[in-house]
Amino acid sequence: MFDYIKGNIIELNPAETVIECGGFGFDIMISLQTFEALQGKSSATVYLYHYLREDDEQFYGFASKNERELFKLLISVSGVGVGTARMMLSSLTDEEIRHAIIGEDVNRIKSVKGLGLKTAQRLILELKDKIVKGAGVDSDSLIPGMSVNSAVMEEATTALVMLGFTKAAVGKVLPDIAKKNPEAKVEDLIKAALKKL
């Protein structure tokens, strides 16, 4: 329904912003990540998520489409509400969250206030394959570290796991290799990963 708002920043604090557009002031909840991106600016484009329930209506705003797409993916997981998803995006960058999920780094996810072991495990279980395949990122841009074709990433991951490495270990090195070499083939990724694992 609403995609973005473009206007003057009237108020800005770490939890919310007020953007004036067409004579209206829109109160928008934001993450710390978005707050940092908006600091020092007099106007901005903020990508919106319209949260609507029987007893509550609120706009959540994001400095990038990628952050918004990840937010939508996070709240699709049972037990993760808009507050928890915003807390995650305030504690970690969207790239760090993606890497933690792909690398099955339960402790990193659990380090976010309000997230327990079961929820962290559920996030990994439900979102890992989706993120590897490119979900939770706007189609107009690439996930940093996921610029290599997702099928190539999956094949390289499978091959390394078959060689005896854990998925967590592979998930920690493979995205960085892919980021530095976006045209890499499966064999290139595997060779580079073997040097780091």
Phe71 side, atom CZ; Tyr60 side, atom OH - distance, nearest 0.5 Å: 6.0 Å

Leu74 reachable from Leu117 in the ILVMFWY side-chain graph, under 4.5 Å edges: yes

Closest approach of Ser31 to Ser90 (non-hydrogen atoms, all atoms of both residues): CA-OG, 3.4 Å

Flag side-chain contact, heavy atom, 4.5 Å: Ile97 against Val112: no

Side-chain heavy-atom pair Leu123, Leu115 within 4.5 angstrom cut-off: yes

Shortest non-hydrogen contact from Leu92 toward Gln33: O-NE2, 3.5 Å

Path from Ile10 to Phe35 over hydrophobic side-chain contacts below 4.5 Å: no

Leu160 reachable from Met162 in the ILVMFWY side-chain graph, under 4.5 Å edges: no

Spatial distance of atom CD (Glu16) from atom OG1 (Thr34) [nearest 0.5 Å]: 13.5 Å

Expected list for residues 75-88: side-chain donor-acceptor pairs under 3.5 angstrom, two or more places apart:
from	atom 1	to	atom 2	distance (Å)
Ser76	OG	Leu73	O	2.5
Arg86	NH1	Ala15	O	2.7
Arg86	NH1	Ile30	O	3.2

Flag side-chain contact, heavy atom, 4.5 Å: Asp105 against Glu96: no

Result of checking Leu127, Thr93, Leu89 against Leu70 for side chain to side chain contact (heavy atoms under 4.5 Å, CB included): Leu89

Let me check something: any side-chain donor-acceptor pairs from residues 38-53 under 3.5 Å, sequence neighbours excluded? List them with distances.
from	atom 1	to	atom 2	distance (Å)
His50	NE2	Glu57	OE2	2.8

Straight-line distance of Phe59 CZ to Phe26 CZ, nearest 0.5 Å: 6.5 Å

Spacing of Ile102 atom CD1 and Glu104 atom CD [to the nearest 0.5 Å]: 10.5 Å

Gap separating the NZ atom of Lys110 from the OG1 atom of Thr119, nearest 0.5 angstrom: 11.5 Å

Nearest-0.5 Å distance that lies between atom CD1 in Ile5 and atom CD in Glu20: 9.5 Å

For the student: nearest non-hydrogen atoms of Pro14 and Leu32, plus distance: CB-CD1, 3.7 Å

Side-chain donor or acceptor of Asp188 paired with backbone N/O of Lys185 under 3.5 Å: yes

Check: Ile9 and Ile19 side chains under 4.5 Å, non-hydrogen atoms: yes

Presence of salt bridge, Asp176 and Lys180, under 4.0 angstrom: no

Heavy-atom donor-acceptor pair, Glu11 side chain to Val18 backbone, under 3.5 Å: no

Under 3.5 Å, which donor-acceptor pairs do the side chains of residues 189-197 form with other protein atoms, sequence neighbours left out?
none

Salt bridge (Lys or Arg N to Asp or Glu O under 4.0 Å) assessment of Glu69 paired with Lys72: CA-CA 5 Å; Glu69 293 308 308; Lys72 285 157 73 172; 3.6 Å; yes

